[in-house]
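Positions are given from 1 along the sequence. It should be emphasised that the depicted structure is a prediction, and the values quoted were computed from it without experimental measurement.
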Amino acid sequence: MSELVESRKSTAQHIERYQIVTQATSDAIWDYDRKKNSLYWGEGFLSLFGYNPSKIEPSFEFLLSLIHPDDRNRIFRLIQLYIDPKSSKKNWLEEYRFLKSDGTYAIVLDKAIFIRDDLGNVTRVVGAMQDIFPTTTWQKGF
């Protein structure tokens, strides 16, 4: 019984630590579970881009739809390269334009790690997006 209590206490501490880190950083933290096809967005999506994670249903498809049309194909092709089970790529670092809720675009630096199982299949992707020019926004359609 003591091990169970300690395990629950440790898990609670890890969850609390994660929540505090996502609040402390100015980055927009995201976590995509490929097996469940579910996407978690941290609170940074509200402060940086105006999207409230508790009011919208985040999905990987929605996230991709927010990438500027002129950048989307390049990013999508790169994602396909990283997802390939034969690929050894795991550390993602890309810059692109990302649509904010007010219709302007932020220029973001997106950093992520692609987590693979023993067969090389990507099971999760965890990342953080940073607005690299927070005072500069691009008009929609630029």
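You'll find the ring centres of Phe114 and Tyr82 inside the 6.0 Å limit. Aromatic pair Phe98/Tyr105: centroids not less than 6.0 angstrom apart.
Looking only at side-chain heavy atoms (C-beta outward), Ile115 and Val122 stay at 4.5 Å or farther from each other. Between Trp30 and Tyr40, every side-chain heavy-atom pair lies at or beyond the 4.5 Å cut-off. In this structure the side chain of Val125 never reaches within 4.5 angstrom of the side chain of Arg34, judged on heavy atoms.
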What pairs of donor and acceptor atoms, side-chain ones from residues 53-62 against any protein atom, are under 3.5 angstrom apart with sequence neighbours left out?
| residue | atom | partner | partner atom | Å |
| --- | --- | --- | --- | --- |
| Ser54 | OG | Asn52 | OD1 | 2.7 |
| Ser59 | OG | Phe62 | N | 3.0 |

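Taking every heavy atom of both residues into account, Asp117 and Leu119 meet most closely at OD1-N, 2.9 Å. Scanning all heavy atoms of the two residues, the minimum distance from Phe45 to Ile29 falls at CE1-O, 3.7 Å. The minimum heavy-atom distance between Leu64 and Arg72, with the atom names listed, is O-NE, 3.2 Å. The shortest non-hydrogen separation linking Ala28 to Phe49 is CB-CE1, 3.8 Å.
Note on residues 119-128: pairs passing salt bridge (charged side-chain N to carboxylate O under 4.0 Å, His left out), not counting sequence neighbours, are Asp31-Arg124.
Here the CH2-CD1 distance, from Trp92 to Ile79, works out to 4.5 Å after rounding to the nearest 0.5 Å. Remark: Leu99 CG to Asp71 CG distance equals 12.0 Å, nearest 0.5 Å. Within the model, atoms CG of Asp70 and CD1 of Ile75 stand 12.0 Å from one another, a figure rounded to the nearest 0.5 Å. The line from NZ of Lys86 to CG of Leu81 is 12.5 Å long, rounded to the nearest 0.5 Å. Note that the CG atom of Asp131 and the CG atom of Leu109 stand 10.5 Å from one another [nearest 0.5 Å]. Summarising the geometry, atom CG belonging to Asp27 is positioned 5.0 Å from atom CD belonging to Gln130; distances are rounded to the nearest 0.5 Å.
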*List the steps and the verdict of side chain to side chain contact (heavy atoms under 4.5 Å, CB included) for Tyr96 and Asp110.*
CA-CA 8 Å; Tyr96 54 88; Asp110 192 7; 2.7 Å; yes
*side chain to side chain contact (heavy atoms under 4.5 Å, CB included) between Val108 and Phe133: does it pass, once the steps are laid out?*
CA-CA 8 Å; Val108 299; Phe133 298 111; over 6 Å; no
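The pair Arg74-Glu94 meets the salt-bridge criterion, since a charged nitrogen lies less than 4.0 angstrom from a carboxylate oxygen.
Under the 4.5 Å side-chain heavy-atom criterion for Ile, Leu, Val, Met, Phe, Trp and Tyr, Leu63 and Leu46 are members of distinct hydrophobic clusters.
Donor-acceptor pairing under 3.5 Å is recorded for the side chains of Asn37 and Tyr32.
Not counting sequence neighbours, the partners of Ser87 by the side chain to side chain contact (heavy atoms under 4.5 Å, CB included) test are Asp84, Lys89, Arg116.
In this structure, the side chain of Arg97 does not engage the main chain of His68 through any donor-acceptor pair within 3.5 Å.
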